[in-house]
Amino acid sequence: MRLRDLGFICLIVACGLALGRGVFRSSASVTAVKADVSQPRHERPDIIGRVDEAFRRSWQERGIEPAPPAPDLAVMRRLSLALTGTLPSLEEIRRFEAQPPERRIDGWLDDLLRDRRSADYLAERFARAFVGTEDGPFIQFRRRRFISWLSDALLENRPYSAIVRDLIADRGIWTDHPATNFVSVTFDPAVELPDPERLAARVSRAFLGARIDCAQCHDHPFQHWKQADFRSLAAFFGGVHSNLRGISDGEVFYKPLDRKTKAPTTVEARVPSHPELQPKEGTPRQQLAGWIVDPRNPYFSRATVNRVWAFAFGRPLVDPIDDLATADEIPEVLDILAADFAEHGYDLHRLIRTIIATEAFRLESDAPPSPTAEPKDETWAAFPMTRLRPEQVAGGIHQAAAVTTIGPESSWVVRFISYTERNDFVRRYGDTGEDEFAPRGGTIPQRLLLMNGEMVEKKIKGDMFNASKRIAQLAPDDDKAVELTYLAVLTRRPTPDEAAHFKNRFEGIKGDRRADLLTDLYWTLLNATEFSWNH
């Protein structure tokens with residue numbers, strides 16, 4: 001009788017704590033050298049030392065001892081999930097471990113920042129804040145064209161300020177000038193114009209980290225934003241037109257109703273804060289873009305750092321991610337990183353490198369309980385454990401089932417199958433939508449999809465192209481077969497208890513029965529709690 005027929009819970013119990021509590025103890029058995037996050041401050045860039053010092057001071061004030069450094073493979077997995085939305089492949093793990101220990105993480109990050117997979121994935125993550133997840137108006141909006149343009153910009157590391165300028169102020173046809181899709185997605189067929197108020201809401205949340213649109217109908221009772229602030233922000237888009245020539249600027253049509261007389265009124269385009277930073281020249285949209293990306297505007301750099309931090313950790317420094325204005329106080333770390341981001345020309349690659357190099361990113365997620373009431377991951381004294389996003393689960397399943405890397409160099413057949421199957425899985429699993437950092441628990445349908453779903457079944461069965469089959473055929477012995485399976489699915493090696501358990505399970509088993517047993521091991525690991533969480 002096959003293991004799955006007995007139920008994977010029995011196998012998980014037999015494997016020891018690592019499958020039932022694998023998320024919490026992945027460091028116990030990994031043989032990789034741990035990342036060196038304690039090297040002398042003078043050998044590290046000043047910005048990283050300042051961030052680490054700020055965290056250390058905060059932990060000391062709270063009486064918290066940070067978690068130990070995480071194993072190299074755990075950090076490699078975090079990086080892959082954060083930047084590509086999938087797991088590292090077996091061939092990537094082999095190259096990673098062939099590097100000197102002190103160069104592994106930085107070298108892997110260099111590879112990822114040059115990888116089209118990272119640009120594509122980050123473009124999709126940013127696009128959720130810029131244009132949402134829906135298809136939008138069919139004629140006026142091309143989401144795939146927009147993401148392709150954004151991916152190219154991220155891959156070449158174009159200054160983020162230049163990207164945002166184009167999003168807000170570019171003109172032309174949405175196919176020839178893809179940045180204009182930021183505007184055209186709000187096209188309102190009723191008036192045949194882009195919607196100034198929807199654009200104001202997007203700008204305030206995506207680029208300022210402020211919910212100014214909460215004051216759309218009336219002054220907000222708990223925030224300093226007023227209805228006049230929101231309408232004045234929307235007025236920058238009041239003269240935007242959409243016609244055969246694409247997006248252009250012209251006569252102002254935005255005339256909201258006066259709060260008292262209910263008559264249409266003209267609203268002056270005015271920025272909600274720091275008016276001295278607003279340029280005097282250019283179209284209203286160009287002036288707004290100039291004000292937003294001005295290095296002296298604290299909102300823009302803070303909002304960007306907070307979002308990129310959330311991409312890396314699965315959780316923003318300040319939550320909600322689009323409402324920094326209501327935070328009781330801005331964390332010192334956020335201000336340090338935001339100032340550096342602005343001072344260095346809004347260089348996203350530098351920002352990512354800085355965040356990844358911090359001690360907080362390279363800490364273990366498993367740590368003894370804090371003597372205080374504060375959980376360590378709430379204070380960044382341990383890496384926060386977060387559920388994988390739907391596309392990360394789908395990407396992980398696809399990559400775990402392949403020995404080689406699935407990416408731009410794969411055949412078009414492999415890429416097409418991966419694209420269609422992953423999209424179908426995400427649709428069934430449940431997309432997180434625009435509010436992607438809202439806490440969500442797992443669901444029964446999600447568990448059933450992993451246990452019995454068509455994609456999982458196809459990826460673990462004994463197909464000659466699947467990793468389970470190739471490992472069964474090519475691994476020199478059972479110990480190596482189990483080790484490779486763990487590396488492919490969980491990006492770690494089995495604990496001694498796990499290795500001993502499977503040594504007994506595989507002993508004396510040959511041929512098809514052995515291949516079936518390895519397939520069952522794949523299925524079990526894919527359904528383990530550890531697989532579905534970042535840690």
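Worth knowing before you read on, the calculation uses all heavy atoms, side chains too, and leaves out hydrogens, waters and symmetry mates.
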If only atom types and distance count, is the side chain of [X] paired as donor or acceptor with the main-chain N or O of [Y] below 3.5 Å?
| X | Y | result |
| --- | --- | --- |
| Arg245 | Ser242 | no |
| Gln278 | Trp291 | no |
| Arg285 | Ile168 | yes |
| Trp174 | Phe146 | no |
| Ser204 | Ala200 | yes |
| Thr491 | Leu73 | no |

message = If you apply the rule salt bridge (charged side-chain N to carboxylate O under 4.0 Å, His left out), what do you find for Arg116 with Asp152, and how did you get there?
response = CA-CA 9 Å; Arg116 171 61 74 175; Asp152 288 342; 2.9 Å; yes

ask   = What orientation do Trp380 and Phe55 show, parallel under 30°, tilted 30 to 60°, or perpendicular over 60°?
value = tilted

task = For the residue pair Phe313 and Phe361, categorise the inter-ring angle as parallel (less than 30°), tilted (30 to 60°) or perpendicular (more than 60°).
result =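 Aromatic pair Phe313/Phe361 classed perpendicular.
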
message = With a 4.0 Å cut-off on N to O distance, would you call Arg270 and Asp229 a salt bridge?
response = yes

Are [X] and [Y] close enough that some pair of their side-chain heavy atoms sits under 4.5 Å apart?
| X | Y | result |
| --- | --- | --- |
| Leu154 | Ile163 | yes |
| Pro194 | Gln140 | no |
| Val333 | Val305 | no |
| Glu343 | Pro295 | no |
| Leu233 | Leu288 | yes |
| His535 | Glu530 | yes |
| Phe96 | Ile105 | yes |

Under the side-chain contact (heavy atoms from CB on, under 4.5 Å) test, residues paired with [X] that sit two or more places apart:
| X | result |
| --- | --- |
| His177 | Asp170, Thr180 |
| Thr386 | Asn534 |
| Ser80 | Thr84, Pro88, Trp108 |
| Glu251 | His241, Phe253 |

task = May I have all residue pairs that pass side chain to side chain donor-acceptor pair (under 3.5 Å) and include part of residues 391-406, sequence neighbours excluded?
result =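 Every pair satisfying side chain to side chain donor-acceptor pair (under 3.5 Å) with a residue in residues 391-406: Ser89-Thr405, Glu91-Thr405, Tyr121-Glu391, Tyr121-Gln392, Arg389-Glu391, His398-Glu421.
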
query = Tell me, which pairs form a side chain to side chain donor-acceptor pair (under 3.5 Å) where one or both residues lie in residues 303-316, sequence neighbours left out?
reply = none

Under the salt bridge (charged side-chain N to carboxylate O under 4.0 Å, His left out) rule, collect the residues that match up with [X], sequence neighbours excluded.
| X | answer |
| --- | --- |
| Asp340 | Arg350 |
| Asp135 | none |
| Glu124 | Arg128, Arg143 |
| Arg158 | Asp166 |

ask   = In Å, rounded to the nearest 0.5 Å, how long is the span from CG of Asp111 to CG of Asp106?
value =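 Between Asp111 CG and Asp106 CG, I get 11.0 Å after rounding to 0.5 Å.
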
ask   = Under the ring-ring contact (aromatic ring centres under 6.0 Å, His included) test, which residues partner Phe311, sequence neighbours left out?
value = Phe126

inquiry  = Tell me every residue that passes side-chain hydrogen bond (donor to acceptor under 3.5 Å, both in side chains) with Ser58, counting only those two or more places apart in sequence or in another chain.
reply    =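 For Ser58 the side-chain hydrogen bond (donor to acceptor under 3.5 Å, both in side chains) partners, ignoring immediate neighbours, are Arg62.
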
request  = Please determine which of Tyr160, Tyr346, Phe182 meets the ring pair (Phe, Tyr, Trp, His ring centres under 6.0 Å) test together with Phe207.
outcome  = Phe182

